[in-house]
Amino acid sequence: MGSVSLKIGDGTARFQRATLCSSAVNILMIFSVITTNLFALYAFTASPKHPQHLLHNHAHKNISLISEQVSLILREIDLSQKKLAQMEKELLGYESIDLSRPNIASELKLFLQRHQLPLGKDSRTGITEMVPSVGHTCEKNSDLLSQFMSYKVFGACPDDWSVAQKLILRGCEPLPRRRCFAKTVSKLGLYPFPDSLWKPVANKTVNWSGLGCKNFECLNSKKLSRECIGCFDLVHGNENAKFVKAKSKNDFVVDDVLALGGGGVRIGFDIGGGSGSFAARMADRNVTVVTNTLNVDAPFSEFIAARGLFPLYLSLDHRFPFYDNVFDLVHASSGLDVGGKSEKLEFLMFDIDRVLRAGGLFWLDNLFCANEEKKQSLTRLIERFGYKKLKWVVGEKIDSVGSGKPEVVLSAVLQKPVRV
């Protein structure tokens, strides 16, 4: 028997069941009962060859010996139970948050407490209580977490979405739920779908608090990332030409990639999709794409939603909240460069492989390779998955967000194999 847990990112919603340790305690208790009975049997069945007073003394000694043994066993059981409780506490990341601290928000304490099932123990699973999920690394950011959980219940939520994003980027994911109302932003002036895909988004339809820019004109004058230089300008910028006109050999055209899929591409996932133009191009072709995003320096999520598309607000350190083998296509650009050790990229690649169906396409779009070593390392990693290379181009592009010098980029369309 093991423990049942739901893992989300670094968080764990844990249901209490018998563990290997608790099973060992049960075995120890059974052993103690058997031992006690054996001692009792020995005491009362001893051969009556001695005088009565000697038998009485002998029985008294046996009973004393049994009492000592039982006391010793009970102490061992108590010690084992304490060790088991400590092990359970260490396994549950949220329990490492010291809820007795004076600066811990009362709402956080309330959220993290155990909740008994209303009908008692579930006969099928053995579950007796549920524990809300929260990221393990939230413990390292308890001050920020308490700030996030400090609000008036049933009142307006503090304008602190940037605090939540800081926690997410530090690995405190999932965040606890809150009992307050998020700020309402007017959505007047939105265009109907599919006209919304390529129409300008009004400044008043997004929340600008916590951002350096307060309008899209300001954002379009900045170089936010390799994938977002003027990416909020849907009329005069380069967004309306993306994925339909190739500027270099590394720029693949949507229709060419879809042809490689043999007409079997229906739903896709875009990792680090900027302002959502890839999803918009796919929507023009009746393909539904979910776009992973964060609001780093710009209201990406709201902008994508205003276009009538589906933004998914999560970091790449979070396990994708999708079932296995569901997507026909996964698209990723330089947002795939998660930095750190190579194992971190391996974990991400395995999750991409998990959500992509057999025969599905993995489109690697102008992934920046800092040096030859990194390119070789990435190539070896991809080859280990056994994907079929339908397109594979290594070339140079001008570094538009840095020095302006040429940089090495990799573009590829890979097909996931059928594994047995």
Q | Inter-residue atom distance His331.NE2 - Leu364.CG, 0.5 Å rounding | A | 8.5 Å

Q.
Surrounding CG of Asp255 (heavy atoms of other residues, nucleotides or ligands, distance under 6.0 Å), is the total greater than 12?
A. yes

Q: State, with a plain yes or no, whether a side-chain heavy atom of Ser71 is found less than 4.5 Å away from one of Arg75.
A: yes

Q: Please report the closest heavy-atom contact between Met149 and Glu107, naming both atoms and the distance.
A: O-CB, 3.5 Å

Q) Do Phe385 and Phe362 have their ring centres less than 6.0 Å from each other? A) no

**Q.** Residue pair Phe243, Met282: steps toward the side chain to side chain contact (heavy atoms under 4.5 Å, CB included) verdict
**A.** CA-CA 9 Å; Phe243 309 111; Met282 299 300 279; over 6 Å; no

Q: Report yes if some heavy atom in the side chain of Trp198 is under 4.5 Å from a heavy atom in the side chain of Asp284; otherwise report no.
A: yes

Q: Considering non-hydrogen atoms only, spot the tightest contact between Pro158 and Ser150 and give its length.
A: CG-O, 3.5 Å

Q) Looking only at heavy atoms, what is the nearest atom pair of Pro174 and Cys138, with distance? A) O-SG, 4.4 Å

Q) Are side-chain heavy atoms of Asn238 and Ile229 found at a separation under 4.5 Å? A) no

**Q.** Neighbour count >12 (heavy atoms, 6.0 Å) for atom NZ, Lys222
**A.** no

(Q) Applying side chain to side chain contact (heavy atoms under 4.5 Å, CB included) to Lys391 and Leu260, what does each step give before you reach the verdict? (A) CA-CA 9 Å; Lys391 291 177 73 74; Leu260 296 174; 3.7 Å; yes

Q. Which heavy atom of Lys204 sits nearest a heavy atom of Leu188, and at what distance?
A. CE-O, 3.9 Å

**Q.** Crowding at NZ, Lys152 (>12 non-hydrogen neighbours, <6.0 Å)
**A.** no

Q) Is Val235 close to Asp233 at the side-chain level, that is, under 4.5 Å between some pair of heavy atoms? A) yes

(Q) Looking at Asn325, I want to see if its CG is surrounded by more than 12 non-hydrogen atoms of other residues, nucleotides or ligands under 6.0 Å. (A) yes

**Q.** Side-chain donor/acceptor of Asp328 to backbone N/O of Gly268, under 3.5 Å
**A.** no

Q) Hey, are the side chains of Tyr387 and Asp353 touching, using non-hydrogen atoms and a 4.5 Å cut-off? A) yes

Q. Would you say the side chain of Ile168 lies within less than 4.5 Å of the side chain of Leu314, judging by non-hydrogen atoms?
A. no

Q. Distance from Phe322 atom CZ to Asp351 atom CG, nearest 0.5 Å?
A. 10.0 Å

Q) Salt bridge check: are Lys242 and Asp365 linked by an N-O gap of less than 4.0 Å? A) no

Q | Face-on cation placement of Arg178 at Phe148 ring, 6.0 Å and 45° thresholds | A | yes

Q.
A quick test of your reading: do over 12 heavy atoms of other residues, nucleotides or ligands sit less than 6.0 Å from CZ of Arg285?
A. yes

Q.
Any side-chain to backbone donor/acceptor pair from Ser146 onto Ala105? Under 3.5 Å, distance only.
A. yes

Q) Can the ring centroids of Trp363 and Phe269 be said to lie less than 6.0 angstrom from one another? A) no

Q | Arg384 side chain reached by Glu346 side chain, heavy atoms, under 4.5 Å | A | yes

Q: First locate atom NZ of Lys214, then atom CG of Leu219, and finally report the distance between them rounded to the nearest 0.5 Å.
A: 10.5 Å

Q) If you round to the nearest 0.5 Å, how far is CZ of Phe310 from OG1 of Thr291? A) 9.5 Å

Q.
Evaluate Ile382 against Trp392 for side chain to side chain contact (heavy atoms under 4.5 Å, CB included), listing each step before the verdict.
A. CA-CA 12 Å; Ile382 293 174; Trp392 183 277; 4.2 Å; yes

Q) Do other residues, nucleotides or ligands put more than 12 heavy atoms under 6.0 Å from Phe347 CZ? A) no

Q | Criterion side-chain contact (heavy atoms from CB on, under 4.5 Å) against Pro299, the qualifying member of Leu211, Ile304, Thr293 | A | Leu211

Q: Search all heavy atoms of Gly171 against all heavy atoms of Thr137 and return the closest pair with its distance.
A: O-OG1, 2.6 Å

Q. Is there a donor-acceptor pair under 3.5 Å between the side chain of Ser275 and the backbone N or O of Cys231?
A. yes

(Q) Quick check against the 3.5 Å criterion: does Asn141 have a side-chain atom that pairs as donor or acceptor with the backbone of Leu167? (A) no

Q: Give the C-alpha distance, both sets of side-chain angles, the deciding distance and a yes or no for side chain to side chain contact (heavy atoms under 4.5 Å, CB included) between Val393 and Phe252.
A: CA-CA 10 Å; Val393 178; Phe252 299 161; 4.0 Å; yes

**Q.** Residue pair Asp317 / Ser315, side-chain donor-acceptor N/O under 3.5 Å
**A.** no

Q: State whether the side chain of Arg281 and the backbone N or O of Asn240 hold a donor-acceptor pair below 3.5 Å, judged by distance alone.
A: yes

(Q) Given 3.5 Å as the limit, does a donor-acceptor pair link the side chain of Asn220 with the main chain of Phe232, or not? (A) yes

Q: Would you confirm whether Arg307, through its side chain, and Val201, through its main-chain N or O, come within 3.5 Å as a donor-acceptor pair?
A: no

Q) Is there a donor-acceptor pair closer than 3.5 Å between any side-chain N or O of Asp251 and the backbone N or O of Ser248? A) yes

Q. Does the Trp161 side chain pair with the main chain of Gly210, one donor and one acceptor, at a distance under 3.5 Å?
A. no

Q | Sidechain-backbone polar pair: Thr205 side chain, Lys187 backbone, donor-acceptor under 3.5 Å | A | no

(Q) Is a donor from one side chain sitting under 3.5 angstrom from an acceptor on the other, for Ser301 and Asn295? (A) yes

Q: Give the minimum heavy-atom separation between Val326 and Ile267, together with the two atoms involved.
A: O-CD1, 3.0 Å

Q. Does a side-chain heavy-atom distance below 4.5 Å link Phe216 with Leu234?
A. no

Q | Value rounded to 0.5 Å, distance of OG in Ser106 from CZ in Phe111 | A | 14.0 Å

Q: To the nearest 0.5 angstrom, please state how far the CG atom of Leu169 sits from the CG atom of Leu316.
A: 10.0 Å

Q: Show your working on salt bridge (charged side-chain N to carboxylate O under 4.0 Å, His left out) between Arg380 and Glu383 and close with a plain yes or no.
A: CA-CA 5 Å; Arg380 287 193 297 269; Glu383 289 175 345; over 6 Å; no

